[in-house]
Amino acid sequence: MKKKLVVLTGAGISAESGISTFRDANGLWKNHDIMEVASIDGYQRNPKLVQEFYNERRKQLFEVEPNAAHFFLKDLEHNFEVAIITQNVDDLHERAGSSKVIHLHGELRKARSEKDEKLIIDWNKDIKLGDLAEDGNQLRPHIVWFGEMVPEIENAIDEVLTADVLVIIGTSMQVYPAASLKDYAKPNVPIIYVDPSDTYTDSSITHIKKRATESIEELKTILNIF
Ligand code: APR
């Protein structure tokens with residue numbers, strides 16, 4: 001019986017694939033505050049600007065590739081039952097071959113009805129005003145915006161509750177409820193945090209102060225696989 005490894009990832013794991021993180025660019029996009037383009041209020045105020053923000057990020061997906069860290073997590077499936085819980089909306093974990101990926105904040109390559117959050121379709125093009133869902137309402141990105149509920153959080157908590165080891169890679173641990181997931185790990189479950197910065201510190205967890213791709217050898221040692 002394989003041990004269960006749960007991995008919580010954030011923007012940092014995709015940074016080495018060329019996708020900029022949220023808080024490294026001091027939270028700006030073309031001088032727009034993230035809250036203007038990644039919140040339900042921002043969308044209601046200026047839907048065109050928000051659609052453009054996600055259209056640009058969706059287009060970028062076709063220019064980037066998974067990096068060694070994404071592939072390492074897929075390879076861990078030989079040694080562990082792996083569940084990935086990501087805050088990222090890119091598809092790099094899937095493209096690296098990981099078989100279980102929970103997207104807490106949605107997915108760039110999906111769209112949904114403005115009025116029905118369950119009416120979700122695959123969508124790889126720009127979303128334009130006038131692109132409608134089956135229910136006749138405007139399509140919007142299938143992204144969980146600031147101010148919206150996180151439908152997948154219960155599934156994510158269930159995964160962490162049954163983890164034998166928890167690895168956290170590339171997140172500043174500033175956004176909830178994602179940042180609270182580590183608190184659901186059973187006592188004595190080892191928690192390893194991979195991040196080159198000291199933005200987040202917690203004396204109860206092991207901090208590998210390296211970029212994701214540089215942490216692989218140390219992670220292998222800690223996870224006892226060779
Ligand atoms: N390898 C590992 N970590 C890295 C790397 C790297 N190569 N480069 C940067 N990092 C770290 C940064 O030090 C930072 O702590 O990744 C973290 C990225 O943090 P954020 O930019 O805050 O991204 P994230 O934590 O994923 O943001 C959470 O906030 O904006 C919302 O919904 C959005 O999902 C996002 C959420």
Side-chain angles (χ1 to χ4, degrees), residues 6-30 32-43 49-50 53-54 56-58 60-61 64-73 84-93 96 101-110 117 140-153 156 166-183 191-202 205-220 222:
V6 174
V7 190
L8 171 64
T9 65
I13 197 169
S14 296
E16 292 167 87
S17 295
I19 297 181
S20 58
T21 64
F22 282 88
R23 288 163 188 83
D24 284 357
N26 48 60
L28 286 182
W29 174 72
K30 288 187 176 173
H32 290 290
D33 181 276
I34 282 286
M35 292 309 273
E36 258 187 275
V37 289
S39 69
I40 183 64
D41 294 344
Y43 181 67
L49 175 71
V50 174
F53 174 59
Y54 287 96
E56 281 201 22
R57 292 178 67 199
R58 190 178 301 103
Q60 185 189 24
L61 288 188
V64 297
E65 298 290 329
N67 62 56
H70 294 102
F71 289 113
F72 171 60
L73 295 183
I84 294 179
I85 302 167
T86 188
Q87 298 170 84
N88 300 339
V89 294
D90 63 53
D91 61 342
L92 296 180
H93 283 304
V101 183
I102 295 175
H103 284 271
L104 285 179
H105 297 162
E107 299 176 63
L108 272 175
R109 300 184 68 176
K110 289 185 176 153
E117 64 185 39
R140 54 160 274 186
H142 174 50
I143 299 289
V144 177
W145 284 325
F146 285 106
E148 295 187 312
M149 300 295 286
V150 179
E152 289 299 323
I153 194 64
L166 176 63
V167 175
I168 303 172
I169 305 179
T171 171
S172 63
M173 301 289 275
Q174 289 180 43
V175 171
Y176 286 80
S180 65
L181 281 171
K182 68 170 179 52
D183 303 329
I191 302 179
I192 301 111
Y193 177 68
V194 175
D195 192 307
S197 79
D198 274 324
T199 329
Y200 174 75
T201 51
D202 176 336
I205 67 178
T206 308
H207 183 181
I208 300 178
K209 199 171 171 200
K210 290 182 179 152
R211 298 185 320 156
T213 56
E214 291 157 1
S215 73
I216 291 171
E217 288 315 310
E218 202 167 333
L219 274 174
K220 275 184 185 171
I222 295 176

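Whatever order the structure lists ligands and atoms in, that order sets their numbers, starting from 1.
- Close contacts between ligand 1 and Ser197 involve ligand atoms 13 (O), 15 (O) [criterion: under 4.0 Å to a heavy atom].
- Closest approach of Ala212 and Ala69 over heavy atoms only: CB-CB, 3.7 Å.
- The side-chain heavy atoms of Leu92 and Asn67, taken from C-beta on, include no pair separated by under 4.5 Å.
- For ligand 1 and Gln87, the ligand atoms under 4.0 Å from any heavy atom of the residue are 28 (C), 34 (O), 36 (C).
- Residue Thr21 approaches ligand 1 through these ligand atoms, each under 4.0 Å from one of its heavy atoms: 21 (O).
- Close contacts of ligand 1 with Gly10, meaning ligand atoms under 4.0 Å from a residue heavy atom, involve 26 (O).
- Considering backbone and side-chain N/O of Ala212, one or more are found under 3.5 Å from N/O of ligand 1.
- Here the shortest heavy-atom pairing between Ile216 and Ala68 reads CD1-O, 3.7 Å.
- Nearest heavy-atom pair, Ile205 versus Tyr200, reported as atom, atom and distance to 0.1 Å: CD1-CE2, 3.9 Å.
- Between His105 and Ala178 the shortest heavy-atom distance is NE2-CB, 4.5 Å.
- Heavy atoms of Asp195 approach ligand 1 to within less than 4.0 angstrom.
- Ligand 1 has an N or O atom lying under 3.5 Å from an N or O atom of Ala11, backbone or side chain.
- In this structure, Tyr200 does not count as a contact residue of ligand 1, since none of its heavy atoms falls inside 4.0 Å of the ligand.
- Residue-level proximity to ligand 1 for His105 is carried by the side chain, the only part with a heavy atom below 4.0 angstrom.
- Heavy-atom separations between Glu16 and ligand 1 include at least one value shorter than 4.0 Å.
- Classified by interplanar angle (parallel below 30°, tilted 30° to 60°, perpendicular above 60°), the ring pair His93/His70 is perpendicular.
- Checking only distances, Lys210 never comes within under 3.5 Å of ligand 1, N or O to N or O.
- The minimum heavy-atom distance between Gly106 and Val144, with the atom names listed, is N-CG2, 4.1 Å.
- Pairing each heavy atom of Thr199 with each of Gln174, the nearest pair is CG2-NE2, 3.9 Å.
- The closest approach between a heavy atom of Ala38 and any atom of ligand 1 is not below 4.0 Å.
- Below 3.5 Å of separation, one finds no N or O of Tyr193 facing any N or O of ligand 1.
- A side-chain donor from one of Asp90 and Ser14 sits under 3.5 Å from a side-chain acceptor of the other.
- At under 3.5 Å, a nitrogen or oxygen of Ser172, whether backbone or side chain, sits near a nitrogen or oxygen of ligand 1.
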